[in-house]
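For reference, the structure discussed in these notes is given below.
Note that these values count all heavy atoms, side chains included, but never hydrogens, waters or copies made by symmetry. Below, chain A is the first sequence line, B the second, and so on; all start at residue 1.
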Amino acid sequence: MLLRAAWRRAAVAVTAAPGPKPAAPTRGLRLRVGDRAPQSAVTADTTSAPEAGPVLRPLYMDVQATTPLDPRVLDAMLPYLINYYGNPHSRTHAYGWESEAAMERARQQVASLIGADPREIIFTSGATESNNIAIKELEAAIQPDTSLVSVMTVNNEIGVKQPIAEIGQICSSRKVYFHTDAAQAVGKIPLNVNDMKIDLMSISGHKIYGPKGVGAIYIRRRPRVRVEALQSGGGQERGMRSGTVPTPLVVGLGAACEVAQQEMEYDHKRISKLAERLIQNIMKSLPDVVMNGDPEHHYPGCINLSFAYVEGESLLMALKDVALSSGSACTSASLEPSYVLRAIGTDEDLAHSSIRFGIGRFTTEEEVDYTVEKCIQHVKRLREMSPLWEMVQDGIDLKSIKWTQH
Amino acid sequence: MAASSRAQVLDLYRAMLRESKRFSSYNYRTYAVRRIRDAFRENKNVKDPVEIQTLLNKAKRDLEVIRRQMDSRSVAQAGVHWHNLSSLQPLPPRFKQFSYLSLLISWDYRRTPSHLANFCIFSRDGVSLY
């Protein structure tokens, strides 16, 4: 049979030599001298004929929005997407048993990253679901004066680190539940739920180089924190989150947590160095640049800069070779300036000029240098075109201007 | 370090760098090369033979991770071509079959003796690749 013969040939080919490698469409980063615009981003659903040469895509500097999957995470997940496809709640056969074993191993990996017990980890579809579960506890409060403090560990817009240990101390002394959304912090800064007296914690897979669509919630057992299930059904995950646990996704989350634990120090050192490089190089070449957020209590991988007299959206459009964001992705559809920047007292005009640079595990020095170069070039160009900038150069104080209506 | 294990370490180092350079993605490729160099450099003064063996075993496992990625990534790129099949000339059948099957074979790494058995079961189910 044609099929069998083909497979026999293929089997021989596998053992003999590595197979033919297809032409890699994205072989290299398009870092060329000069401002040659890259071709449009590649789309797999294109109906037109494919391009002959390599497809160029922007540099990725938006890790707060999402992170690429670490190859080690993909390696851990693939068996469960191919041959080991059992439902982890099936109790009667090997497919179920091996899937359950993988799920429990992943649970242990997540728990060990935050110093928790595996029984305190419930898998969810992401940090948003975890947040909702945690906050529903407040609405379903048994005692009228039960309250909950909920704080982000690391802010996703300006990268500020909240004093979690201190807040935890206060909450535990006042017998108030303490929840933290650690989506941007898990695996990047050391966290320990016992040292920091955290009662509830939300974890997101795709912020730590894991898959999208999965997360976890940490729920303290001693003293017991009661939460109400958002999703009812077959009683999986101790009744706190019904629904079949997606084994490939949770295996990916577990692997991402384990890799993060091993790489935390190395990544932190590298990202700090790159962040320092980016900030210094931009600030020394451009005047009137403000870094938003406390410089001391700051996670280095999230840099939010405001470029005065330049509109943020126009700078983003100008920096089309670099994937950036001006504020958080979850509110990017609205035109309002970032609520975070408004809350820290940033002027309205500076809030509109903010850009968020994300540096992650896979960011290279060349990408940072390229981004800096383009940023400086475009800010200068946009400022040249700006009448506000012209007025400032002439020494006019913009705050003293009385704008008339037409 | 004994001469034989030194040679082993160097062979492994070279093999890992060689495999890492096959990543088609710029970011994965540069990360792998950089991380491997830094890890080997960081551990170059380790003297304890037990620790050396542990590190070598971890490195071998990581090398296998990278090797498996090469197979699965060639499937992913072949997948892109499959989307465009109507507008593209058909790929040589041997290429399509090879990359998909090599993925199935290589991903059964935990049950090495039976990987061929799984492979044959798949064929009995009558999968058609064209």
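Atom CZ of B/Phe40 sits in a crowded spot, with more than 12 heavy atoms from other residues, nucleotides or ligands closer than 6.0 Å. Heavy atoms from other residues, nucleotides or ligands lying under 6.0 Å from NZ of B/Lys60 number more than 12.
A/Glu365 does not touch chain B: none of its heavy atoms, backbone or side chain, sits under 4.5 Å away. Looking at A/Arg270, only its side chain comes within 4.5 Å of chain B, counting heavy atoms on both sides.
To the nearest 0.5 Å, the span separating CZ on A/Arg361 from CZ on B/Arg35 amounts to 9.0 Å. Atoms OG1 and CD, on B/Thr30 and A/Glu367 in that order, are 6.5 Å from each other to the nearest 0.5 Å. Atom CG of residue B/Asn27 and atom OG1 of residue A/Thr363 lie 7.0 Å apart, to the nearest 0.5 angstrom. From B/Glu42, atom CD reaches atom OH of A/Tyr266 across 9.0 Å, with rounding to the nearest 0.5 Å.
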Take B/Tyr28 and A/Leu74 through the side chain to side chain contact (heavy atoms under 4.5 Å, CB included) test and state the conclusion after the steps.
CA-CA 12 Å; B/Tyr28 290 141; A/Leu74 179 64; over 6 Å; no
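Shown here for A/Asp75 and B/Arg68, the closest heavy-atom pair between the two residues is OD1-NE, 2.7 Å.
Side-chain contact between A/Gln262 and B/Lys58 is present, with heavy atoms from C-beta onward closer than 4.5 Å. With contacts defined as side-chain heavy-atom distances shorter than 4.5 Å, the pair A/Pro71/B/Tyr31 does not qualify.
Counting only N and O atoms by type, the side chains of A/Thr364 and B/Tyr26 include a donor and acceptor under 3.5 Å apart.
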